[in-house]
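Report on the following structure.
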Amino acid sequence: MLHLSEQQIIRRKKLDKLKLLGINPYPSEEYIITGSILDIKKNFLEKEIISIAGRLMRFRFLGKASFGEIKDHTDCIQIYFSEKNLFSEKMGIKDTYNIFLKKLIDIGDIIGITGFLFKTKMNEITIRAHKLTLLSKSIRPLPQVKVDKKNNKIYDAFSNTEQRYRMRYVDLIVNDHVKNIFLTRTRIIQKIRNYLDDKGYLEVDTPVLQSIPGGAIARPFETYHNTLGIPLYLRIANELYLKRLIIGGFHGVYEFSKNFRNEGMDRIHNPEFTVLELYIAYKDYYWMMDFTEKLMKCIWKEFQKEEEHNINFKTPFPRIPILDSIKKYTGFDLEKIKEEDLRKVCHKLNIEENRNMSKAKLIEHIFEVKCEKNYNDPTFIIDYPIEMSPLTKRHRHKKDLSERFELIINGQEIANAYSELNDPIDQLSRLREQMRLSGNNEKNESLSIDQDFIRALEFGMPPTAGIGIGIDRLVMLLTKKSSIQEVLFFPQMRPEKNGKK
RNA sequence: GACCUGGUAGCUCAGCUGGUAGAGCAUUACACUUUUAAUGUAAGGGUCCUGGGUUCGAAUCCCAGUCAGGUCACCA
């Protein structure tokens, strides 16, 4: 049943031999280090005695001496072992080198090294090891990635996407560039958080389990609460809860919200994804555009120093009404168009349409297919048709439009924002209209319309501007990755079949 | 959901029109005291994704399934 490869069997045997020699392959004691490898390399001091711990990544034997490379969370350093100088707790000089190190330690093992620093003939900072401690035995062989340091060329990279995603831990051990993506991801989020905190906005937590999944239109994941005896849904958005907090008197709230949508998966959709939602009282969508510009510029400066992108972050970002954009790229003026004529336009543009798609939906579809890809530099697309924005205020001057913008960068939607609708009566009728469009009958109203949210609005919500920024997409943009899976530690995968590997 | 491409040793990959399964790294053994994609010699290692079919004979051809990637569709 348990099929082991030759290499796995050999490593398990080594485990037994270690135990026979009185060496615990998984010791409990704290292992004291004197610093991280990166610090040690930065502050190199000839002959300084240091102690480090990490994973053995490579090994080169040369008879009575040999070289290994150890990697910790910061960097990799070369270790020089020689027969004459190496000892371990359970073994003397010679045996430590010839038996412990040579026969029982493998690439992938986590070890501790004590020794002093020097530079080799090749001028590489190296630890001359005196003491070797096994901290954790690895019984599965690590993929051997070879790096030619002269030109930084990688050979035999661990590159199978499926294996990389399924065994992300291996991916992280072996592929430094992968680790860097996630370090960048965290730094981007920290940067945004600091930026918002500095402005005095409050980070909050709102429910992930909701009895009415509101704030967006999407198929939710369904679950069930045993004690309450009711269905619950994983949130598809947190918007309605953040607005309740604005009603409650906070002037600015935000949340890095993990949202869940039970829909298709592809290179830009994962069932769970992260959106930064931010709501600020007494502002409108014009203010939010200015704010977004500054925030994005600040992040861009921090994370794109190399200027490798061909994206120009010159402010102010252009602000283009969606209908103007469509006019520019298709030649059709849709401002006062009737639904029938709009369908004809779709045919002329070779765009699929069906009866289930509303007028607003068709307009949006045309934009996505014909226009979106043309905006490489950051651009605000503004003033969307009112029907497709049920939570947005009607435009103060343009009757059938709403005060909404999307930020497009590199042909992709990065953010979606609007002047929040705060008229409770209008809100209820818009949600009903939305419900009708999506084919639900009125009997289901109590199941699909969040009446408590309407009640909250009835108490009065200040005029508010809100924005959602797709964090995964933003990280993709800043790390130049074309799939969302590359910026998520553990992207959703189909389960592996009966114990393959 | 549709179509295209792929799944062979721990990893990266060859394997032609069907004829005993290959390489490099890794592993094991030996040699080697400043190497760095270390080197040299030798050895071991395979459910060729799964299940059917065609055939004297299938990693290879056909069908179905499965997993991944890509393109499209769906998705505020």
Side-chain angles (χ1 to χ4, degrees), chain A residues 3-11 13-14 57-69 76 78-85 97 102-103 106-108 118-124 126 128 138-167 170 174 215-219 236-237 239 261-269 271 352 354 356-358 360-361 363-365 367-369 384-385 387-392 404 406 413 416 418 434 437-438 468 482-483 485 491 493-498 500-501:
Chain A
H3 176 78
L4 296 177
S5 71
E6 185 195 29
Q7 292 192 47
Q8 286 177 293
I9 292 165
I10 288 168
R11 289 196 180 202
K13 282 182 180 160
K14 288 180 182 183
M57 298 302 289
R58 271 170 270 281
F59 221 115
R60 297 180 282 276
F61 269 104
L62 300 105
K64 292 187 175 66
S66 50
F67 290 90
E69 281 171 43
C76 214
Q78 180 166 267
I79 313 291
Y80 174 79
F81 300 97
S82 75
E83 191 190 55
K84 283 190 288 185
N85 294 304
Y97 184 82
K102 230 165 151 177
K103 304 287 181 191
D106 287 294
I107 289 174
F118 74 107
K119 279 189 182 171
T120 63
K121 281 178 190 167
M122 305 298 285
N123 210 31
E124 176 152 347
T126 303
R128 188 185 182 103
S138 162
I139 57 169
R140 225 176 240 271
L142 214 53
Q144 273 310 118
V145 178
K146 295 267 172 176
V147 182
D148 187 344
K149 283 180 190 161
K150 282 168 227 151
N151 48 17
N152 244 342
K153 218 173 160 185
I154 296 171
Y155 299 84
D156 297 335
F158 178 58
S159 57
N160 181 307
T161 26
E162 180 175 358
Q163 299 216 63
R164 285 183 43 235
Y165 296 161
R166 287 198 194 282
M167 297 190 282
V170 175
V174 145
I217 297 164
R219 271 174 63 198
I236 56 175
E239 170 159 353
R261 297 192 182 173
N262 203 342
E263 285 164 358
M265 296 162 53
D266 58 33
R267 33 170 274 286
I268 49 172
H269 297 268
E352 250 184 79
N354 61 55
N356 291 332
M357 295 165 91
S358 66
K361 176 81 200 157
I363 291 173
E364 191 189 20
H365 199 48
F367 176 78
E368 278 170 6
V369 174
Y384 285 66
E387 305 97 307
M388 57 204 261
S389 315
L391 298 162
T392 311
R404 170 175 169 193
E406 287 194 1
E413 179 197 331
N416 182 16
Y418 30 87
Q434 195 66 41
L437 285 172
S438 59
S482 56
S483 78
Q485 287 79 15
M493 304 280 272
R494 284 197 168 77
E496 282 180 274
K497 275 283 148 65
N498 40 16
K500 191 197 164 196
K501 286 166 189 173

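All of these numbers come straight from a predicted model, not from anything done at the bench. Order of the sequence lines fixes the chain letters, A, B, ..., with proteins taken first and strands second; residue numbering starts at 1 for each chain.
Not a single donor-acceptor pair, N or O on each side, falls under 3.5 Å between the base of U33(B) and the side chain of S82(A). For K121(A) and U35(B), a side-chain-to-base donor-acceptor distance below 3.5 Å is absent, hydrogens and geometry of angles not being considered.
Taking every side-chain heavy atom of R60(A) into account, U35(B) is the closest of U35(B), A76(B), A37(B). Comparing U36(B), C32(B), A73(B) by their closest approach to the side chain of D266(A) singles out A73(B). For Y155(A), whose side chain is taken as the heavy atoms from C-beta onward, the closest listed nucleotide among U34(B), A37(B), A68(B) is A37(B). Checking A76(B), U36(B), G70(B) against the side-chain heavy atoms of R267(A) singles out G70(B) as nearest. Which of C67(B), G69(B), U71(B) sits closest to the side chain of Y165(A) comes down to G69(B). The S159(A) side chain lies nearest to C13(B) when the options are C13(B), C75(B), C67(B). Side-chain atoms of E263(A) lie closest to C75(B) of the nucleotides U34(B), C74(B), C75(B). Side-chain proximity of F118(A) to U35(B), U36(B), U34(B): nearest is U34(B).
Within the 4.0 angstrom heavy-atom criterion, no nucleotide atom of any strand lies near R164(A). Counting any heavy atom pair closer than 4.0 Å across all strands shown, E406(A) reaches no nucleic acid atom. As judged by a 4.0 angstrom heavy-atom cut-off over every strand, R261(A) is placed among residues making no nucleic acid contact. Across all strands, A218(A) comes closer than 4.0 Å to no nucleic acid atom at all (heavy-atom distances). Using a 4.0 Å heavy-atom criterion, one finds that F158(A) contacts the sugar-phosphate atoms exclusively. Base contact: G215(A) has a heavy atom under 4.0 Å from a base atom. Within 4.0 Å of Q8(A), counting heavy atoms only, lies no atom of the nucleic acid at all.
Here the P atom of nucleotide U34(B) and the CG atom of N85(A) are 14 Å apart, to the nearest Å. Residue I154(A) contributes atom CD1, which lies 14 Å from atom P of U12(B) at whole-angstrom precision. If you take CE of M122(A) and P of U34(B), they are 13 Å apart, rounded to a whole angstrom.
Between the side chains of S389(A) and R404(A), at least one donor N or O lies within less than 3.5 Å of an accepting N or O. With hydrogens and angles left out, the side-chain atoms of R60(A) and Q78(A) include a donor and acceptor closer than 3.5 Å.
A heavy-atom distance below 4.5 Å is found between the side chains of Q144(A) and R58(A). Residues V170(A) and F158(A) meet the side-chain proximity criterion, which asks for heavy atoms closer than 4.5 Å. Counting heavy atoms from C-beta on, the side chains of T392(A) and Y384(A) never come closer than 4.5 Å.
Across all strands shown, the partner of U71(B) is A2(B), judged by Watson-Crick or G-U wobble contacts whose two distances both fall under 3.5 Å. Pair assignment for G45(B): none, as no Watson-Crick or G-U wobble contacts are both less than 3.5 Å. For A26(B), there is no paired base (Watson-Crick or G-U wobble, both distances below 3.5 Å). If you check A64(B) for Watson-Crick or wobble pairing at under 3.5 angstrom, you find it paired to U50(B).
The aromatic rings of Y97(A) and F61(A) sit perpendicular, their planes meeting at an angle over 60°, well past the 30° parallel limit.
Nearest-nucleotide positions on RNA chain B for K153(A) and N160(A) put N160(A) closer to the 5' end. Toward the 5' end of RNA chain B, the nearer of the two residues K84(A) and H365(A), judged by each one's closest nucleotide, is K84(A).
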- Task: Mark up nucleotides 23-29 of chain B, 5' to 3', with B wherever a protein heavy atom is under 4.0 angstrom from a base atom, S wherever such an atom reaches only the sugar-phosphate, and - elsewhere.
- Result: -BSBSSS

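Atoms CE and CE, from M493(A) and M265(A) in turn, are 8.0 Å apart once rounded to the nearest 0.5 Å.
Between T126(A) and I79(A), the shortest heavy-atom contact is CG2-C, 3.9 Å.
R494(A) has no side-chain polar atom (N or O) that falls below the 4.0 Å cut-off from OP1 or OP2 of U66(B).
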